[in-house]
Amino acid sequence: MGLSESAAQGLADVLPVLICGEASAELVFRAVESELPDDFDPDLAAALNSIADDEHRHGIWLDTVRAQLPSPSSRSTARHAARFLRQLACQDLGLHLTRVAALDAGVCMILAEVCARQTPIAASPPLLSLFTRIRRDEGRHVRISRRGAAALGADPSAQADERKRVLAALAALLVPQGPSLAAIGVDINRLQRRFELTGARR
Ligand SMILES: [Fe+2]
Ligand SMILES: [Fe+2]
């Protein structure tokens with residue numbers, strides 16, 4: 001992959017956060033069709049369902065990357081990420097989609113920084129193309145999930161509050177990864193500002 005030792009370690013340390021949502025999002029979107037009301041827009045239902053295939057692919061791609069990296073310096077990152085994900089789950093599908101959309105929006109923001117010019121990832125053509133592809137897919141997921149949540153009656157101001165909460169929790173998950181993010185050219189403070197600014201609008 002052409003990464004320096006420190007960049008490879010930094011990516012290995014941050015990857016559990018990026019990878020955490022893939023398997024659970026796949027499950028959510030595989031099951032979504034059976035949970036939708038009978039009169040739900042079939043095109044939107046199909047779009048929601050198609051996200052599961054993207055997430056399945058992302059999981060495979062990221063596993064392939066992980067296999068080429070050193071072990072993460074700390075095992076607690078994966079544990080904390082799993083707990084964060086468990087807290088997103090809820091019975092109300094509209095609310096759950098709102099939260100998943102917020103997580104995907106956060107992942108898009110992380111990937112935007114990871115792929116920014118002059119980062120080690122940007123200098124690695126295979127990694128840049130992989131993360132750019134995932135970022136594009138996640139942007140699409142955000143749009144579809146938000147439409148799905150709205151169609152299920154999620155209130156816009158409640159959606160905005162929920163998004164802020166999810167992004168704040170994601171930012172808190174990333175704080176201990178500051179040095180690892182720095183090793184892949186990402187400034188944690190800049191990323192947090194991006195979460196706050198974009199999170200409020202999205
Ligand atoms: Fe994904
Ligand atoms: Fe996604």
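The basis for the numbers below is simple: all heavy atoms, side chains too, and nothing from hydrogens, waters or symmetry mates. In listed order, ligands and their atoms are each counted from 1. Computed from a prediction, not measured in an experiment: that's the story for all the values here.
The two residues Leu128 and Cys115 make their nearest non-hydrogen contact at CD1-CB, 3.7 Å.
No option in Asp104, Ile60, Val100 other than Asp104 meets the side chain to side chain contact (heavy atoms under 4.5 Å, CB included) test with Glu55.
Glu22 lies apart from the Fe ion (ligand 2) in this respect, since none of its N, O or S atoms is found at a distance under 2.8 Å.
Atom ND1 is the N, O or S atom of His58 at the shortest distance from the Fe ion (ligand 1). Looking only at N/O/S atoms, Glu138 comes nearest to the Fe ion (ligand 2) through OE1. Note on Asp104: its N/O/S atom closest to the Fe ion (ligand 2) is OD2.
Remark: Arg83 engages no residue in a salt bridge (Lys or Arg N to Asp or Glu O under 4.0 Å) (not counting sequence neighbours). For Arg135, there are no side chain to side chain donor-acceptor pair (under 3.5 Å) partners two or more places apart in sequence or in a different chain.
Rounding to the nearest 10°, we obtain 90° for the angle at the Fe ion (ligand 2) between Glu55 OE2 and His141 ND1.
Judged by distance alone, with hydrogens and angles left aside, the side-chain atoms of Ser124 form no donor-acceptor pair with the main-chain N or O of Ile121 at under 3.5 Å.
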